Number of protein chains: 2
Amino acid sequence: MEKSLKEYLAAEPGTMDCPVRSVLDRIGDKWATLVLLVLDDVDALRFNEVHKAIGGISQKMLTVTLKTLEADGLVSRTMYPQIPPRVEYALTPRGRSLLPHIHGLVEWSKEHMREILASRAAYVA
Amino acid sequence: MEKSLKEYLAAEPGTMDCPVRSVLDRIGDKWATLVLLVLDDVDALRFNEVHKAIGGISQKMLTVTLKTLEADGLVSRTMYPQIPPRVEYALTPRGRSLLPHIHGLVEWSKEHMREILASRAAYVA
DNA sequence: CCGTATCCCCCCAGATACTG
DNA sequence: CAGTATCTGGGGGGATACGG
């Protein structure tokens, strides 16, 4: 028996394994999607390369974000035992399968950003 | 001259009007997407109907979320001056144009939820 | 019925300093 | 280079009580 989307939404959050919430929370993560986007269109990036590609992210949050993405199997982490150490991050196939949807959102954002900003400005509480 | 996605991402967040961040932050909002989803497939819902449809949301956060969505022009708010008051919320055309993308994410989530949960369980910090 | 107003706590993110 | 460790504050969000 498949649970419907409505049932998932109406359920208490603790009832867990709601796919919408658990995954949307990750998409909604302030940094996670940005990391996925910078890893798109490249083979792999080193820690500091990702860091420089994303303005405003702290080292700590980048570490946390990368670990989470790795735990979810969306990003791979490859260590080359050298001195100095070299670590490369790349999208996994699973991560790559998510990116079209993110790009869909990005495109939508670009198309509607102006009118949304206009709406916000015109909106009086 | 169009700014590239990479330039947007590399820019400091303060540099603002980055479409990705400003809209993704809304998508990422813990409750906003859930509200949009429950308003899909219906004409309109009253405040308490939305409230009951989303498990775990507090009255305060629902109010805030609805206001934000209204300010962005994604949701419309219609008041019927009666006693007791009647207020209905519905998707605007703009909001409706966003929903396919959200559904795309939902579908992706459903397809990959199991393997993601498995990855998380298998992941040792 | 549909909210607002207020209080207050917790936790997350930023800053900073340090290590293999 | 690629991170950890520790501290700290600011604000998001829950609970509660009240208003039109």
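Proteins come first, then strands; the chains are lettered A, B, ... in the order of their sequence lines, and each starts at number 1. Computation of the quantities below employed the complete heavy-atom set of this structure, encompassing side-chain atoms and omitting hydrogens, waters and symmetry-equivalent molecules. The structure displayed is predicted, hence computed values, not measured ones.
- Residue pairs that meet the side chain to side chain donor-acceptor pair (under 3.5 Å) test with at least one member in residues 68-78 of chain A, sequence neighbours left out, are A:Arg26-A:Asp72, A:Glu70-B:Tyr123, A:Asp72-B:Arg120, A:Arg77-A:Tyr89.
- Across its full length, the helix from C:dC1-D:dG20 to C:dG20-D:dC1 shows an angle of 50° between the axes of its 5 terminal pairs at either end, rounded to 10 degrees.
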Reading nucleotides 11-20 of chain D 5' to 3', which nucleotides get B (base under 4.0 Å from a protein heavy atom), which S (sugar-phosphate only), which -? --BBB----B
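- Counting heavy atoms from C-beta outward, A:Phe47 and A:Val87 have side chains that stay 4.5 Å or more apart.
- Counting only heavy atoms from C-beta outward, the side chains of B:Arg94 and A:Ile116 approach each other to under 4.5 Å.
- Under the 4.5 Å side-chain criterion, counting only non-hydrogen atoms from C-beta, B:Val50 is not in contact with B:Ile57.
- For DNA chain C, the neighbouring residues in residues 37-46 of chain B, judged by any heavy atom under 4.0 Å, are B:Arg46.
- The hydrophobic clustering, which links ILVMFWY residues whose side-chain heavy atoms are closer than 4.5 Å, places B:Val75 and B:Met79 together.
- For the pair A:Asn48 CG and D:dG3 P, the interatomic distance rounds to 9 Å; values are reported in whole Å.
- The side-chain heavy atoms of A:Leu74 and A:Leu91, taken from C-beta on, include no pair separated by under 4.5 Å.
- The backbone N or O of A:Gly73 lies less than 3.5 Å from no partner atom in the side chain of B:Ser119, so there is not a single donor-acceptor pair.
- A residue-by-residue look at A:Pro84 and B:Val87 shows that B:Val87 has its nearest nucleotide of DNA chain C further toward the 5' end.
- For the segment residues 70-83 of chain A, the set of residues with a heavy atom within less than 4.0 Å of an atom of DNA chain D comprises A:Arg77, in numerical order.
- In this structure, the side chains of A:Leu34 and A:Thr65 stay at 4.5 Å or more apart for every pair of heavy atoms.
- Only one option out of B:Asp41, B:Asp40, B:Leu37 pairs with A:Leu5 in a side-chain contact (heavy atoms from CB on, under 4.5 Å); it is B:Leu37.
- At a threshold of 4.5 Å between non-hydrogen side-chain atoms, the residues A:Leu62 and A:Trp31 do not count as touching.
- No side-chain heavy atom of A:Leu39 sits under 4.5 Å from any side-chain heavy atom of A:Leu69.
- A distance-only check finds a donor-acceptor pair linking the side chain of B:His112 to the backbone of B:Trp108 [under 3.5 Å].
- With hydrogens and angles ignored, the 3.5 Å screen pairs no side-chain donor or acceptor of A:Glu107 with any backbone N or O of A:Gly104.
- Running 5' to 3' along DNA chain C, contacts with non-hydrogen atoms of chain A at under 4.0 Å begin and end at C:dA13 to C:dG20.
- Annotation: B:Arg96, atom CZ; neighbour count of heavy atoms from other residues, nucleotides and ligands within 6.0 Å is above 12.
- The main-chain N or O of B:Lys30 is never found under 3.5 Å from a side-chain atom of A:Arg21 such that the two would form a donor-acceptor pair.
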